[in-house]
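Data first, discussion second: the structure below is written as structure tokens.
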Amino acid sequence: MDQSKLKQLTAPLLSWYEQNARKLPWRETPANAYHVWISEIMLQQTRVAAVREYYARFLREFPTLADLARGEERLMKCWEGLGYYSRARNLQKAARQAMERFGGELPRTYEDLTSLPGIGDYTAGAILSIAWGQRVPAVDGNVLRLAARIMDCDEDISDIKVRRRFRSWVEEALPPAERCGDYNQAMMDLGATVCLPNGEPMCLLCPGRDFCAAREAGRQSSLPVKAPKKGRRLEERTVFVLLSSQGAALRRRPETGLLAGLWEFPNVEGALREEEAARVLKCWGIEPLRWEKRIAAKHIFTHVEWHMTGYVLLCQPSGPADFCWSDGRDFADKTVPTAFARFREEALEHLERQEGSE
DNA sequence: GAAGCGTGGGG
DNA sequence: TCCCCAAGCTT
């Protein structure tokens with residue numbers, strides 16, 4: 001493995017970055033550690049385009065770490081639609097720990113940072129290098145791809161051991177501390193805009209074009225090598241949009257697992273026919289007044305695929321104790337994940353009509 | 001070490 | 001339509 005290629009890239013990469021750095025809201029000078037932290041968490045497994053709006057809104061709601069530590073339901077609401085909701089919960093846990101353990105600031109060592117929930121290897125490196133100018137690598141998917149190509153390395157980058165080795169090679173290629181924030185961001189920008197995944201990267205624009213080992217070997221588009229991921233399982237579910245004079249029924253999901261703690265429309269396993277659905281309602285102690293319509297919807301998660309049959313119907317506001325009958329204003333406060341977006345639209349449409357006619 | 005955890009955009 | 005995936009972390 002020719003890791004000297006990585007070192008060779010450092011200087012031209014930093015020059016490239018001076019001209020080609022993307023303009024991003026969290027790239028202020030000087031960097032604010034709280035802002036860097038929030039942006040890095042939001043960017044985990046999430047595209048820049050999706051993060052922009054959320055980032056701006058989040059900082060309006062929670063301008064400082066102390067504000068975040070105090071936030072409650074509004075925090076999850078701010079995260080609604082962004083996905084991987086444990087990130088938001090961990091953000092708040094970490095903020096509270098920072099208030100208690102670190103005097104209300106983010107700590108400035110790798111050990112202390114990674115001791116906070118939601119901050120791992122990559123995020124700690126990003127905060128330390130970008131906000132505090134420390135000489136620490138921040139190796140994400142972009143950097144792994146870039147490194148695999150410049151070294152023409154065909155080892156499986158989904159293997160944790162290979163990643164660790166890559167990280168130590170990147171560490172050796174780091175510039176002096178004061179340039180490490182730029183270096184780490186430059187690696188990611190280059191990966192995101194030039195050394196693209198999926199097919200042919202734009203090698204002519206790359207500061208490593210003259211010595212990239214994969215390019216010399218003509219292998220740039222077949223690298224990096226990643227283990228195939230396993231498929232999704234399919235789940236059938238039947239979802240109820242129950243509409244009463246008090247609003248639509250929502251309930252809280254369990255505190256662990258998929259979409260933990262978020263609000264959902266009552267639903268059961270299986271693709272139920274209307275008679276079977278009616279039996280479920282009876283079980284819940286709900287008397288249907290009128291069946292409005294049936295809706296088919298699909299939602300694809302990383303590891304599960306939900307095929308949903310939805311029943312919209314009018315009823316009395318009875319049912320299990322955990323049903324919460326929500327009007328338009330309640331919906332504005334409750335975090336309902338995108339998986340139920342189709343049903344939320346349906347509910348809101350009916351609620352508006354109802355409120356309009358009163 | 002592998003699996004669980006969301007969503008939206010692009011080829 | 002389907003598949004790939006995007007600035008990972010936790011258990």
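Worth knowing before you read on, the calculation uses all heavy atoms, side chains too, and leaves out hydrogens, waters and symmetry mates. The model shown is predicted, which means the values in this text are computed figures rather than measured ones. All chains are named by letter (A, B, ...) in the order of the sequence lines, taking the proteins before the strands, and each is independently numbered beginning at 1.
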Which part of the nucleic acid, if any, lies within contact of A:Arg22, taking any heavy atom under 4.0 Å across all strands shown: a base, the sugar-phosphate backbone alone, or nothing?
-> base

When you check the phosphate oxygens OP1 and OP2 of C:dC4, does a side-chain N or O of A:Lys229 lie under 4.0 Å from one of them?
-> no

Positions of residues 255-265 of chain A (non-hydrogen atom under 4.0 Å from DNA chain B), listed by number | A:Gly257, A:Leu258, A:Leu259

A:Thr64 and A:Asp67: side chain donor to acceptor below 3.5 Å | yes

What's the closest nucleotide to the A:Gln44 side chain, out of B:dA3, B:dT7, C:dG8?
-> C:dG8

Shortest side-chain distance from A:Pro337, nucleotide among B:dC5, C:dC5, B:dT7 | B:dT7

Go through residues 181-198 of chain A and report each residue with a non-hydrogen atom lying under 4.0 Å from DNA chain B, sorted by number.
-> none

Could you check which of C:dG8, C:dA6, C:dC9 has an atom nearest any side-chain atom of A:Arg47?
-> C:dA6

Check whether any side-chain nitrogen or oxygen of A:Lys161 sits under 4.0 Å from OP1 or OP2 of B:dG1, and answer yes or no.
-> yes

Under-4.0 Å salt bridge between A:Arg344 and A:Glu80 = yes

Looking only at side chains, do A:Gln44 and A:Thr123 share a donor and an acceptor under 3.5 Å apart?
-> yes

Would you say C:dC2 has OP1 or OP2 under 4.0 Å from some side-chain N or O of A:Lys298?
-> yes

Describe the nucleic acid contact of A:Trp26 in one word from base, sugar-phosphate, nothing, applying a heavy-atom distance below 4.0 Å.
-> base

Ion pair present between A:Lys293 and A:Glu346, side-chain N to carboxylate O less than 4.0 angstrom?
-> yes

Is a salt bridge present between A:Glu349 and A:Arg353, judged by a nitrogen-to-oxygen distance below 4.0 Å?
-> yes

Would you tell me if any nitrogen or oxygen in the side chain of A:His303 comes within less than 4.0 Å of OP1 or OP2 on B:dC5?
-> yes

Closest listed nucleotide, where the reference is the side chain of A:Thr123 and the choices are B:dG6, B:dT7, C:dG8 | C:dG8

Nucleotide of B:dG6, C:dC5, B:dT7 approaching A:Lys226 most closely (side-chain heavy atoms) | C:dC5

Hey, does A:Arg253 reach any base, or is it just sugar-phosphate, or nothing, if we go heavy atoms under 4.0 Å?
-> nothing

Among B:dG6, B:dG1, C:dC5, the nucleotide that comes nearest once only the side chain of A:Tyr85 is considered = B:dG6

With no hydrogens and no angle check, is any side-chain donor or acceptor of A:Asn90 less than 3.5 Å from a backbone partner on A:Arg87?
-> no

Check every atom of C:dC9, C:dA6, C:dC3 against the side chain of A:Arg232 and return the nucleotide holding the closest atom.
-> C:dC3

Stem segments of DNA chain B by first residue number [Watson-Crick or G-U, under 3.5 Å, at least 3] | B:2-5 with C:8-11, B:7-11 with C:2-6

What about A:Thr46: does its side chain form a donor-acceptor pair under 3.5 Å with the base of B:dG6?
-> yes

Measure from NZ or CZ of A:Arg57 to the centre of the six-membered ring of A:Tyr54, then state whether that distance is under 6.0 Å and the direction lies within 45° of the axis.
-> yes

